[in-house]
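Reviewing the structure listed below.
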Amino acid sequence: MPAFDIIVVGSGGGLDETNLSGYLVKPSNTSWDDGIIALEAGSGHGALRHIMKRNPNIFGEQPPDEDPSKKTTPSTVYSNVKCFLLTHAHLDHISSLVISAGTFGGCSKRIYGSPQTLKDLETIFNDRVWPRLATYDETNPLFRLVYHAIHADGKYKTVFPDIAVRSMTISHGKNELGCYESSCFFVKHLPTEHEFVFFGDVEPDSIAIQPRNITVWRAAAPKIPHDLSAVFIECSYPTGRPNELLWGHLSPDHVVQEMISLATEVVLARRLPGAGDRLRPRKKQKGNPLAPEALHGALNGLRVYIMHCKENFNTERPINHVIGDQCRELLAPHNLGLELLTADQGMKIVI
C-alpha cells in the first residue's frame, strides 16, 4: 500500500530559476486539503501555477468553472502547508520560502532544519536582506513562520501527523571555514513504517574531507527494499566534469560509486542482521570488500530519483534526462538491480 504522495514543484539546481528544488509531500491516505509538508522551498507559487495550468487536476478533480471559489490554486495549496523541511539554506533551496514569507495563508508554519540551517536563515530574515518574518517563539502571534531545529541525533522527530523525520549530516563541499554541511532526511510514515531517503546537496565520499554518505547507506541498508524503497539524490553535473569543479556535488560516475557503496551495505546487513548503523563509520573506502558478483541484484525493489541537475541550456533534451541516461549506462554493468528515474518538474510520485 502506498505511503506517500509527492508532487515535484521543482527539481533543478539552476541556472533555470523557474525550476529549483521544491517538493510537496503528504500521506497517501489523506487529502491535500488535510495538510502538506514542503520539502525544500526553491521553487514555489510561480512554478506551481505553470504546473497547474498544464495539469489542472494534479491535486484532484476540480469543480466546474461556475464555482471558482472552490478551485485549487497555488495560494490555497501553500496555505495548506503545515511545515517546511529544509536540507540547507542555499538560495536554490529556500528562495520561494523567503519571497512568499509575508503572504502565506492558513495556519502558522514551522521551518524545520538543522541548527546551522536556521542560523543561516536568520541572516536573511534580518530586517535588511528581508523583513524579520520568522521567530523561535511559538507563542508570538505576530509571526507566521516559526523556526524549529531538527538535530542529527539518530532519533525520529514527528513533524506532521503520522510523519516523522530523522536528519543526518552530510558534506556539501568546503569553504574557507572548512566543510559545508547539508542534511539528508529519512522521512517515515509512522502507521506503515515505510520511508524514503531525501538528500540535500552532497559530494561524493571519495573526495570529501569528511566522508558521511557511508553512514546514511548503513542506516538505510537494513530497510531496503521492504521498508525503504526510494532514494532521492542529486546529480548536478553530467559526466566528464573534473572533481575540482564539482563544488560539493555529484556527477554520474560518483552516483555509481555511491550506489555500489549502498549495495555493499545492503549485502553486509543481510549477512549480519541487526548490525545496521550501529557499526562504526569507516574512513574513506580504498576498495569494495565484496566481489562485484556479490552485489548483483542487491538493490532490487529500490527506486533512485535523480534530481538537482544544473541546466546549461546547451542540450536539446532536458539536462536531467541526459544525466539520467548517463547514470543508467554507467550502472548497467554492475547489475545492482535498482530502478533509476529522474524527478521531473510537475511529476506526481507515489511511494
Side-chain angles (χ1 to χ4, degrees), residues 8 10-16 19-21 23 39-40 42 87-88 90 92-93 168-175 179-186 196-221 230-265 282 284-285 288 299 302-312 315 318-334 336 338-344:
V8 183
S11 64
L15 300 167
D16 183 358
N19 183 20
L20 300 174
S21 298
Y23 302 79
L39 179 51
E40 308 283 51
T87 61
H88 62 299
H90 279 167
D92 56 325
H93 295 256
M168 299 186 73
T169 302
I170 53 178
S171 297
H172 178 23
K174 60 184 177 180
N175 55 28
C179 180
Y180 183 91
E181 294 183 346
S182 178
S183 300
C184 175
F185 297 131
F186 284 66
F196 65 90
V197 172
F198 187 95
F199 276 83
D201 294 356
V202 63
E203 66 180 341
D205 270 0
S206 59
I207 64 174
I209 298 174
Q210 295 177 265
R212 289 163 162 160
N213 300 338
I214 188 66
T215 62
V216 176
W217 302 140
R218 284 218 183 95
V231 172
F232 292 77
I233 191 166
E234 69 126 289
C235 188
S236 293
Y237 298 106
T239 55
R241 191 172 181 91
N243 285 346
E244 62 270 18
L245 297 179
L246 287 176
W247 315 121
H249 295 288
L250 301 179
S251 68
D253 300 274
H254 296 298
V255 168
V256 173
Q257 291 175 5
E258 296 298 335
M259 292 301 103
I260 290 172
S261 292
L262 174 56
T264 300
E265 296 304 323
R282 291 187 204 130
K284 293 183 185 181
Q285 288 178 283
N288 197 302
L299 300 183
L302 180 70
R303 285 182 284 167
V304 176
Y305 289 90
I306 294 298
M307 59 183 185
H308 201 270
C309 301
K310 290 183 177 290
E311 182 59 69
N312 57 24
T315 58
I319 189 64
N320 64 329
H321 290 189
V322 172
I323 290 174
D325 283 348
Q326 291 174 347
C327 290
R328 281 185 281 267
E329 182 178 356
L330 291 170
L331 279 165
H334 299 281
L336 301 180
L338 65 90
E339 180 183 9
L340 189 133
L341 305 162
T342 56
D344 293 324

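In this structure the side chain of D92 never reaches within 4.5 angstrom of the side chain of E40, judged on heavy atoms. Counting heavy atoms from C-beta on, the side chains of N243 and L246 come closer than 4.5 Å. Two residues are said to be in side-chain contact when any heavy atoms from C-beta on lie closer than 4.5 Å; L262 and L302 meet this criterion. Proximity of W217 to M259: side-chain heavy atoms (C-beta onward) are separated by under 4.5 Å at one or more points. Within the 4.5 Å cutoff, no side-chain heavy atoms of I306 are placed close to those of N320. In this structure, I323 and P252 have side chains that are in contact, with non-hydrogen atoms separated by less than 4.5 Å.
Partner F232 forms a ring-ring contact (aromatic ring centres under 6.0 Å, His included) with one of F199, F186, Y305 and no other, that one being Y305.
At least one donor-acceptor pair closer than 3.5 Å links the side chain of R328 to the backbone N or O of L340.
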Run the side-chain contact (heavy atoms from CB on, under 4.5 Å) test on S21 and M307 for me, step by step, so that the C-alpha distance in whole Å, both residues' side-chain angles and the decisive distance to 0.1 Å come before the verdict. CA-CA 8 Å; S21 298; M307 59 183 185; over 6 Å; no
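Salt-bridge formation is detected for the pair E181/R212: a Lys NZ or Arg NE/NH1/NH2 atom is positioned less than 4.0 Å from an Asp or Glu carboxylate oxygen.
In this structure, CG in L20 is found 8.5 Å from NE2 in H93, a value given to the nearest 0.5 Å. Note: E265 CD to L299 CG = 11.5 Å, rounded to the nearest 0.5 Å.
Aromatic ring centres of F185 and F198 lie farther apart than the 6.0 Å criterion allows.
Listed by chain and number, the residues in a ring pair (Phe, Tyr, Trp, His ring centres under 6.0 Å) with H172 are H88, H90, Y180, H249 (sequence neighbours excluded). Take E311 and apply the salt bridge (Lys or Arg N to Asp or Glu O under 4.0 Å) test, not counting sequence neighbours, and it matches no residue.
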